**Student:** 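I have a structure here, written as structure tokens, and I will follow up with some questions on it.
Protein chains get the first letters and strands the later ones, always in sequence-line order, with residue 1 at the start of each. All values reported here derive from a predicted model rather than from experimental measurement.
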Amino acid sequence: MIFDNQYELQRIEKSNNLKTAGKNPYPHNIQKDTSTLAFKQNFAYVASAATQRDDTVTVTLSGRIKFLRVMGKAAFVKIEDEEGLLQIYVARDNLPEGFYNDVFKKMIEVGDIITVSGYPFLTKTEELSLHVTALDITTKSIKPLPEKFHGLQDHELRYRQRYLDMIMNPDVKNIFKLRSKIVSTTRTFMEEQGFLEVETPMMHPIAGGANARPFITHHNALGIERFLRIAPELYLKRLIVGGFEAVFEINRNFRNEGMDHTHNPEFTMMEFYWAYHNYEDLMKLTEDLFERLLSELKLPSKLPYGELEIDYATPFAKIKWEDALVEIAGVKREAVRDREALKTFLKANNVKFDENLSMAKLQEEIFDEFVEAKLINPTFLTHYPIDISPLARRSDEDPEIAERFEFFVGGAEIANGFNELNDPLDQYERFAAQVANKADGDDEAHEMDEDYIQALGYGMAPTAGEGIGIDRLVMILTNQHSIRDVILFPAMKPLNITKKEKSDNE
RNA sequence: GACUCGUUAGCUCAGUAGGUAGAGCAUUUCCCUUUUAAGGAAGUGGUCGUUGGUUCGAAUCCAACACGGGUCACCA
């Protein structure tokens, strides 16, 4: 039996007693005609009424019992629905003979969902409450709730049992309401800009579009392996080849890598591709999106993020990659394109690195170590080295530079965009180089995607594309510092995994 | 993956010269018809994360493992 502790057994007995008393502990077709919030709004006038009540009206609402204070022949109960708490007053003499003592006190308890009818009144302490004239069980809870004052604190339980977290910490619901609003606002905004929302495969024959290790799954009928997508990029660009000129997708990506406060194995990204536009247009669109989000969410332009304050006033700052290394990291201007000088800089700052790294990778080490965390206000980094931008178009002015930007807020990467490489031969060679890297042991290097090359062979209009991490976007806008606090059911290790199961998988 | 801290009643937490476990809330019984973590009285409730080891004796000391938090690494 899954419910076998003493509290659960007691509650099951109460549930059975309800049945014996002719009351279904799980009835359906509940007719409620108001909510806790509407009750408080609609009956505020009771406070100024002479009798401090209005017993000419009767309303019905449902909620979960969060507090129960029985004082002999009367009780105060706080019930909670989606919108909040409401106090109800239950007195013996207002209920059918015997109901209060035999049913209410014996069979109904904290955690149960009840439906009550009654009229509004003001208590001695001037709290607008419902004076109950009818009360019934709506859903019997056979699991006791955590302690009412401290609630549920344990992070592990909060993530594993999000439903319980939501019951005990109702504020978490606000984060997910905001998340929903952010996604729907983003979707509406993109559609208004003329983008078409599309859905591309989640199961890929080749995991491409990013450098990351994929999850592998199996197709039984075909007897082949599939990879959960690490990015939708290559499919979306096939659609540009096919003739759509502005597409976007908001959906999940899967990366088989470590988990921490900014990484969940499945995460939500918006990617969009815009033909006949360039990455400057993307940056403008990103600014416009943020302005829209702040106004839609009714947020001021300066938002707290932990100890920081982030100023979202547009236009956002722009800084070139090499300038950031010089001005923020403190690399000497003449050293920026000098491999040996970059190594000297890294050594002088006690950064461990691989001596064989290319110049761009050395720059990246410096960037990651000394620049990224300092990009607090929204900032576009531009003029990336081509060497660390395998899918981006080469600059016409400087072949070492990619027409690309990354967007940082609060010291974290939020978006990445660039002019797409549409030269099929150049793309073929870059894939070939990645394949060589893979052969040398880089298990995150791209594989050759011949169909994608074929697609580019037909000609992809000049296109700019961008990916925005939705989870991180939600984090910075809601002042949450763990990705697990913006994902309803974050990935957790399984409990009770046996050693055998584990060794079987190794 | 590394380091580190944690895991004790349903929940929040105490608990070492090593001597078969405590509080508050919850729960059970009783009192109480305007409470606000209601109050008063008396009870029930625990494989002290798991498995081994040291010991006459382990929640406590040791080891391994599991899960979680934090930091780092990985993640353009």
**Student:** Excluding sequence neighbours, so at least two apart, what forms ring pair (Phe, Tyr, Trp, His ring centres under 6.0 Å) with A:F248?
**Tutor:**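 Counting only residues at least two positions away or on another chain, A:F248 forms no ring pair (Phe, Tyr, Trp, His ring centres under 6.0 Å).
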
**Student:** Taking only residues two or more places apart in sequence, or in another chain, which ones meet A:E280 in a salt bridge (Lys or Arg N to Asp or Glu O under 4.0 Å)?
**Tutor:**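 Listed in chain order: A:K318.
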
**Student:** Take A:F418 and A:S482, find for each the nucleotide of RNA chain B with the closest heavy atom, and name the residue whose nucleotide sits nearer the 5' end.
**Tutor:**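 Looking at RNA chain B, the more 5' nearest nucleotide goes with A:S482.
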
**Student:** For A:Q87, answer base if it contacts any base atom (sugar-phosphate contacts may also be present), sugar-phosphate if it contacts only those atoms, and nothing otherwise; contact means non-hydrogen atoms under 4.0 Å.
**Tutor:**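 Base, at least one base atom sits under 4.0 Å.
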
**Student:** Quote, to the nearest angstrom, the C1' distance that separates B:U33 from B:G39.
**Tutor:**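 These two C1' atoms come out 14 Å apart once rounded.
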
**Student:** Distance check, P atoms only: B:G24 and B:G68, in whole angstrom units.
**Tutor:**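 That atom pair is separated by 33 Å.
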
**Student:** For A:F176, enumerate each residue passing the ring pair (Phe, Tyr, Trp, His ring centres under 6.0 Å) test, keeping only those at least two apart in sequence or located in another chain.
**Tutor:**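 Here no residue qualifies.
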
**Student:** Quick check on A:R252: does its CZ atom have over 12 non-hydrogen neighbours (other residues, nucleotides or ligands) under 6.0 Å away?
**Tutor:**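 No, the 6.0 Å shell around CZ holds no more than 12 heavy atoms from other groups.
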
**Student:** Just grab all the side chain to side chain donor-acceptor pair (under 3.5 Å) pairs involving residues 91-105 of chain A, residues at least two apart or on different chains.
**Tutor:**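 Sorted result for residues 91-105 of chain A: A:N94-A:H131.
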
**Student:** Collect all protein-nucleotide pairs involving nucleotides 30-33 of chain B in which both atoms are nitrogen or oxygen and the distance is under 3.5 Å.
**Tutor:**
unit_1: B:C32; atom_1: N3; unit_2: A:G72; atom_2: N; d: 3.0
unit_1: B:U33; atom_1: OP2; unit_2: A:K73; atom_2: N; d: 3.0
unit_1: B:U33; atom_1: O2; unit_2: A:Y89; atom_2: OH; d: 3.1
unit_1: B:U33; atom_1: O4; unit_2: A:D93; atom_2: OD1; d: 3.3
unit_1: B:U33; atom_1: O4; unit_2: A:D93; atom_2: OD2; d: 2.0

**Student:** Are A:R69 and B:A38 close enough that a side-chain N or O sits under 4.0 Å from OP1 or OP2?
**Tutor:**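 For B:A38, OP1 or OP2 has a side-chain N or O of A:R69 closer than 4.0 Å.
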
**Student:** I'd like to check the salt bridge (Lys or Arg N to Asp or Glu O under 4.0 Å) partners of A:E466; sequence neighbours left out, ordered by chain and number.
**Tutor:**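 Residues passing salt bridge (Lys or Arg N to Asp or Glu O under 4.0 Å) with A:E466: none at all.
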
**Student:** Could you run down nucleotides 6-12 of chain B 5' to 3' and tag each one B, S or - for protein heavy-atom contact under 4.0 Å?
**Tutor:** ----BBS

**Student:** Less than 4.0 angstrom between a side-chain N/O of A:K124 and OP1 or OP2 of B:A38, yes or no?
**Tutor:**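 It does not, given that no N or O in the side chain of A:K124 lies less than 4.0 Å from OP1 or OP2 of B:A38.
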
**Student:** When you measure from the side chain of A:H155, which nucleotide among B:A73, B:U34, B:G69 comes out closest?
**Tutor:**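 My answer, after comparing the listed nucleotides, is B:G69.
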
**Student:** Specify the residue among A:K78 and A:K14 whose closest nucleotide of RNA chain B lies further upstream toward the 5′ end.
**Tutor:**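 Looking at RNA chain B, the more 5' nearest nucleotide goes with A:K14.
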
**Student:** In Watson-Crick or G-U wobble terms, both distances under 3.5 Å, what is the partner of B:C67?
**Tutor:**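 By the stated definition (distances under 3.5 Å), B:G6 pairs with B:C67.
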
**Student:** Using a 4.0 Å heavy-atom cut-off, does A:K143 contact any base of the nucleic acid, only the sugar-phosphate backbone, or nothing at all?
**Tutor:**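 Here A:K143 touches no strand at all.
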
**Student:** Using a heavy-atom cut-off of under 4.0 Å over every strand shown, decide if A:F367 touches base, sugar-phosphate, or nothing.
**Tutor:**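 A:F367: no heavy atom of the nucleic acid under 4.0 Å.
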
**Student:** Quick one: salt bridge (Lys or Arg N to Asp or Glu O under 4.0 Å) partners of A:E403, sequence neighbours excluded?
**Tutor:**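 Salt bridge (Lys or Arg N to Asp or Glu O under 4.0 Å) list for A:E403, sorted by chain: A:R393.
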
**Student:** Should we say atom OH of A:Y119 is surrounded by more than 12 heavy atoms from elsewhere, each under 6.0 Å from it?
**Tutor:**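 Yes, the 6.0 Å shell around OH holds more than 12 heavy atoms from other groups.
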
**Student:** With both distances kept under 3.5 Å, what pairs with B:U12, Watson-Crick or G-U wobble?
**Tutor:**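 Because both required distances fall under 3.5 Å, B:U12 counts as paired with B:A23.
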
**Student:** Are the charged groups of A:D485 and A:R472 less than 4.0 angstrom apart, N to O?
**Tutor:**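 A:R472 and A:D485: not salt-bridged.
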
**Student:** Quantified in whole Å, what is the P atom distance between nucleotide B:C11 and nucleotide B:U16?
**Tutor:**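 B:C11 and B:U16 have their P atoms separated by 23 Å.
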
**Student:** Using the C1' atom in both, what is the distance from B:C72 to B:A17, to the nearest Å?
**Tutor:**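 These two C1' atoms come out 38 Å apart once rounded.
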
**Student:** Who does B:U54 pair with, Watson-Crick or G-U, both distances under 3.5 Å?
**Tutor:**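 Check on B:U54: unpaired, no WC or wobble geometry under 3.5 Å.
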
**Student:** Heavy atoms only, 4.0 Å cut-off, all strands: where does A:R404 land among base, sugar-phosphate and nothing?
**Tutor:**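 If one applies the 4.0 Å heavy-atom cut-off, A:R404 turns out to touch a base.
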
**Student:** Determine the interatomic distance between P on B:U7 and the same-named atom on B:U60; round to the nearest Å.
**Tutor:**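 Looking at atom P only, B:U7 and B:U60 are 12 Å apart.
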
**Student:** Does A:N169 use its side chain to pair, donor to acceptor, with the backbone of A:L152 at less than 3.5 Å?
**Tutor:**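 Yes, because the side chain of A:N169 sits within donor-acceptor range (under 3.5 Å) of the backbone of A:L152.
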
**Student:** C1' atom, B:U20 versus B:U27: distance in rounded Å?
**Tutor:**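 One C1' to the other, the span is 26 Å.
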
**Student:** I'd like the P distance from B:C5 over to B:A63, given in whole Å.
**Tutor:**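 Approximately 12 Å lies between the P atom of B:A63 and that of B:C5.
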
**Student:** Would you indicate what A:Y384 reaches in the nucleic acid, counting non-hydrogen atoms under 4.0 angstrom: base, sugar-phosphate, or nothing?
**Tutor:**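 Here A:Y384 touches no strand at all.
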
**Student:** Within less than 4.0 Å of OP1 or OP2 of B:G68, is there a side-chain N or O belonging to A:R160?
**Tutor:**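 For A:R160, the contact criterion (side-chain N or O under 4.0 Å from OP1 or OP2 of B:G68) is met.
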
**Student:** For residues 362-370 of chain A, please give each side-chain donor-acceptor pair under 3.5 Å, one per line with the distance, not counting sequence neighbours.
**Tutor:**
unit_1: A:Q363; atom_1: OE1; unit_2: A:W321; atom_2: NE1; d: 2.9
unit_1: A:Q363; atom_1: NE2; unit_2: A:V336; atom_2: O; d: 2.8

**Student:** Enumerate donor-acceptor pairs with a distance under 3.5 Å from any side-chain N or O in residues 68-80 of chain A to protein atoms, sequence neighbours excluded.
**Tutor:**
unit_1: A:R69; atom_1: NH2; unit_2: A:Q87; atom_2: OE1; d: 3.4
unit_1: A:K78; atom_1: NZ; unit_2: A:E127; atom_2: OE2; d: 3.3
unit_1: A:E80; atom_1: OE1; unit_2: A:K66; atom_2: NZ; d: 2.7

**Student:** Polar atom pairs between nucleotides 40-42 of chain B and protein, under 3.5 Å, N or O only, would you list them?
**Tutor:**
none

**Student:** Suppose we screen for side-chain hydrogen bond (donor to acceptor under 3.5 Å, both in side chains). Which residues come up paired with A:D81, at least two apart in sequence or across chains?
**Tutor:**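 Result, side-chain hydrogen bond (donor to acceptor under 3.5 Å, both in side chains) vs A:D81: A:T36.
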
**Student:** Taking atom P in both B:U44 and B:U12, what distance in whole Å separates the two?
**Tutor:**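 To the nearest whole Å, 24 Å.
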
